[in-house]
Amino acid sequence: MPLVDISIARGRTPEQLRDLIAKVHDAVEQSVGAAPENITVIVREVETQNWARANQTVAERASANK
């Protein structure tokens, strides 16, 4: 059973979140070939300062680029 857990920045409307979930669900269904009822997509809205890319948080990258 495929499980996709996505973290994105806050600020999207419920419609945008539902659209994202639907698009990811369709992509997983097509790429993995799993039955739609077996796919779970979770979208978590988080504060951007909690994000990490590579080995730096967004705040660390921003301060390094000043």
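The figures that follow rest on heavy atoms only: side chains count, while hydrogens, waters and symmetry mates do not. This is a predicted model, so every value here is computed, not measured.
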Check residues 25-36 and write down every donor-acceptor pair under 3.5 Å in which the side-chain atom is one partner and the other belongs to a residue at least two apart or another chain.
unit_1: His25; atom_1: NE2; unit_2: Pro36; atom_2: O; d: 3.1
unit_1: Ser31; atom_1: OG; unit_2: Ala27; atom_2: O; d: 2.9

Problem set entry | salt bridge (charged side-chain N to carboxylate O under 4.0 Å, His left out) pairs, two or more places apart, involving residues 31-46 | Asp5-Arg44

For this session: Please identify each residue that fulfils salt bridge (charged side-chain N to carboxylate O under 4.0 Å, His left out) with Glu15, with sequence neighbours left out.
Result: Arg18

Exercise. Taking a hydrophobic cluster as the set of Ile, Leu, Val, Met, Phe, Trp and Tyr residues connected by side-chain heavy atoms closer than 4.5 Å, whether directly or through intermediates, do Val24 and Leu17 fall within one such cluster?
Worked result: yes

For this session: Working to the nearest 0.5 Å, report the span between OG1 of Thr40 and CD1 of Ile21.
Result: 11.0 Å

Problem set entry | Remaining members of the apolar cluster that contains Met1, side-chain heavy atoms under 4.5 Å | none

For this session: To the nearest 0.5 Å, tell me how far Ile6 CD1 sits from Leu20 CG.
Result: 5.0 Å

Exercise. CG of Leu3 to CD1 of Ile39: how many Å apart, nearest 0.5 Å?
Worked result: 11.0 Å

Problem set entry | Set of side-chain hydrogen bond (donor to acceptor under 3.5 Å, both in side chains) partners for Asp19, sequence neighbours left out | Lys23

For this session: List for me each residue that meets side-chain contact (heavy atoms from CB on, under 4.5 Å) alongside Gln16, sequence neighbours excluded, and say none if there are none.
Result: Arg12, Thr13

